[in-house]
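Quick caveat: nothing in here was measured; it's all calculated off a predicted structure.
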Amino acid sequence: MSKRLSPQLQHITEDACCETHLEPIQLFCDVDQITLCSKCFQSQEHKHHAVCGIQEAAENYRKLFQEILNTSREKLEAAKSILTDEQERMAMIQEEEQNFKKMIESEYSMRLRLLDEECELNLQRQQECTSDLNLREGLLNQVIQLATELEEMFQEMLQRLSHVGRENMKKLKESEARVSEQICSLQKLTTELEKKCGEDALALLKNAKYSLERSKSLLLERLEPAHIIDLSLCHIRGFSSMFRVLQRHLTLDPETAHPCLALSEDLRTVKLRHGQQDGAGDPGRLDFSAMVLAAESFTSGRHYWEVDVEKATRWQVGIFHGSADTKGSTARASGEKVLLTGSVMGTEWTLWVFPPLKRLFLKKKLDTVGIFLDYEHGQISFYNVTETSLIYSFSHCAFQGALRPVFSLCIPNGDTSPDSLTISPQHGPSCDAAVSP
């Protein structure tokens, strides 16, 4: 349909005339994107087109350009932020790769030490049973073969870690180049739009729709960081059979239990008491102050224990060094901790280690956590017992004094929680027994 002329035509300051009719230009055809005089408007060519005064058309486009300019500025800042993040991630993954390399090497050294000890135990057992030199030689050859296989497995892990690190760095560098290019385009677009918004009516309307569509297409380009593989997914598979020899019988110490915790009669299970929850806390804060220590403590040696976390949605396990108040109104503990934290919120499953606080990635929710402590070598490792794989390992820790296993549940805000942790029973022989390879 044709658009009626406004009864008050806008004043045109530009000294412009129609080249065809030599009449003053007063109108703008939005369909053909050209300026018109009154005679052009009366022609059949523009009879059914949307036509309005030049100033009105200019103001409409100026508003559209201003909106896109605002969006362009926002996207430019977002792109700069992504670029900074990508550059920081490049430095971070190099550091993480070195940390995981050290963790793999530390795990290999620990497994080799345990394999040597297992060999000694088996040799001792063979000497007690028989003096057959062939059996002794066969056992030594078997240990050498196991050590070779262990070395090959860990070399493969280091190669896989290096490959993942290279791929991650490649993706981040490509992302850095792509985002840098987008920043240049957005900076150029922002400058053009700023200039466009400051132009007079006729200059602003020149190629207005084309400029608008081109600007929109540039803003439609997606801005997203590179998707890289988290190094914590490079699992170290396998368990040392010596873990069963080193597994300890642990019980919970009622004197260190937080008031909102209830312990089972056999002192192996801890859960939250009904009606003891504090609803006055920050709903967004996870409160893990509900802790209890094991009755047993370690001042030397190597020790292993397992904790069933399947029935808990927010939990912590690890070791504690320091002093704990006896059960009372505060039940606070002052000291140092090395912790593994699990949390399920809705369908999201997260895992953290501390210190320092670091997020880990697992494909499945944990059911049972294995914890290995080597006091003299300053190592504590967390294992996924179901998958028989290492979750994370801390090495070169400077342990001093008595260390005690610690267990914590998150205090819910208002609602009751069925969460519980259970210390798994021993599955193997005592520390004085020998094992087969």
Side-chain angles (χ1 to χ4, degrees), residues 28 30-34 57-100 160-234 345-350 352 356-363:
F28 181 76
D30 195 56
V31 176
D32 293 330
Q33 290 287 292
I34 57 173
E59 286 308 308
N60 289 338
Y61 273 102
R62 199 183 305 279
K63 289 178 182 178
L64 294 173
F65 280 126
Q66 187 62 52
E67 290 175 1
I68 294 177
L69 174 60
N70 294 338
T71 303
S72 176
R73 286 169 174 164
E74 291 173 1
K75 196 160 188 177
L76 177 59
E77 290 305 310
K80 289 179 179 179
S81 177
I82 290 176
L83 180 62
T84 300
D85 290 343
E86 297 296 75
Q87 291 169 341
E88 289 177 353
R89 288 169 80 195
M90 279 192 278
M92 184 179 67
I93 65 166
Q94 288 179 317
E95 182 181 350
E96 282 191 352
E97 184 177 346
Q98 289 302 312
N99 290 339
F100 271 92
R160 186 168 72 248
L161 177 69
S162 178
H163 172 74
V164 172
R166 287 195 303 271
E167 287 298 307
N168 283 346
M169 185 60 70
K170 180 183 176 182
K171 290 177 181 178
L172 287 170
K173 286 183 176 179
E174 289 174 350
S175 176
E176 181 188 30
R178 183 175 61 254
V179 175
S180 296
E181 186 177 339
Q182 287 177 309
I183 287 174
C184 290
S185 298
L186 288 167
Q187 287 174 331
K188 184 178 178 181
L189 175 62
T190 301
T191 301
E192 290 176 357
L193 289 171
E194 288 173 343
K195 181 181 177 183
K196 198 74 174 172
C197 289
E199 289 178 339
D200 59 43
L202 287 179
L204 185 141
L205 290 173
K206 186 177 182 180
N207 298 320
K209 183 171 285 187
Y210 167 76
S211 298
L212 203 63
E213 291 174 352
R214 175 176 163 275
S215 300
K216 287 180 179 179
S217 65
L218 284 172
L219 293 177
L220 286 175
E221 292 182 7
R222 293 187 65 182
L223 277 174
E224 57 183 12
H227 296 287
I228 62 175
I229 299 173
D230 191 271
L231 296 181
S232 62
L233 292 174
C234 298
M345 294 186 177
T347 58
E348 186 178 358
W349 157 246
T350 57
W352 304 80
L357 188 64
K358 174 181 172 58
R359 184 174 181 178
L360 304 177
F361 292 86
L362 290 183
K363 293 180 179 179

Can you tell me how far apart [atom1] ([X]) and [atom2] ([Y]) are? Round to the nearest 0.5 Å.
| X | Y | atom1 | atom2 | answer |
| --- | --- | --- | --- | --- |
| Gln66 | Ser72 | CD | OG | 11.0 Å |
| Glu192 | Phe65 | CD | CZ | 10.0 Å |
| Leu64 | Leu212 | CG | CG | 5.5 Å |
| Met92 | Asp85 | CE | CG | 9.5 Å |
| Ile82 | Leu223 | CD1 | CG | 5.0 Å |
| Gln33 | Asn207 | CD | CG | 8.0 Å |

[Y] and [X], any side-chain heavy atoms less than 4.5 Å apart:
| X | Y | answer |
| --- | --- | --- |
| Glu221 | Glu181 | no |
| Lys196 | Glu199 | yes |
| Lys170 | Glu174 | yes |
| Leu219 | Leu186 | yes |
| Gln187 | Ile183 | yes |
| Glu88 | Thr84 | yes |

Is there a side chain to side chain contact (heavy atoms under 4.5 Å, CB included) between Leu189 and Leu76? Walk through the geometry before answering.
CA-CA 10 Å; Leu189 175 62; Leu76 177 59; over 6 Å; no
Short N-O contact, [X] and [Y], less than 4.0 angstrom:
| X | Y | answer |
| --- | --- | --- |
| Arg62 | Glu59 | yes |
| Lys358 | Glu96 | yes |
| Glu86 | Arg178 | no |

Counting N and O atoms only, with roles assigned by atom type, does the side chain of Ser215 sit under 3.5 Å from a partner on the main chain of Ser211, one being a donor and the other an acceptor?
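Yes, because the side chain of Ser215 sits within donor-acceptor range (under 3.5 Å) of the backbone of Ser211.
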So, Ser81 side chain and Glu77 main chain: donor-acceptor pair closer than 3.5 Å or not?
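It does not hold such a pair.
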Between Glu74 and Asn70, do the side chains contain a donor N or O and an acceptor N or O under 3.5 Å apart?
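There is no such pair between these side chains.
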What's the shortest heavy-atom distance between [X] and [Y], and which atoms?
| X | Y | value |
| --- | --- | --- |
| Asn168 | Ile229 | ND2-O, 2.8 Å |
| Leu161 | Glu97 | CD2-O, 3.7 Å |
| Ser180 | Leu83 | OG-CD1, 3.6 Å |
| Gln182 | Arg222 | NE2-O, 3.0 Å |
| Asp30 | Tyr61 | OD1-OH, 2.6 Å |
| Gly165 | Ile93 | O-CD1, 4.4 Å |

Quickly, which of Gln87, Lys171, Arg89 forms a side chain to side chain donor-acceptor pair (under 3.5 Å) with Glu176? Name it, please.
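The passing option is Gln87.
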If you draw a 6.0 Å radius around NZ in Lys188, do more than 12 non-hydrogen atoms from other residues or ligands fall strictly inside?
no
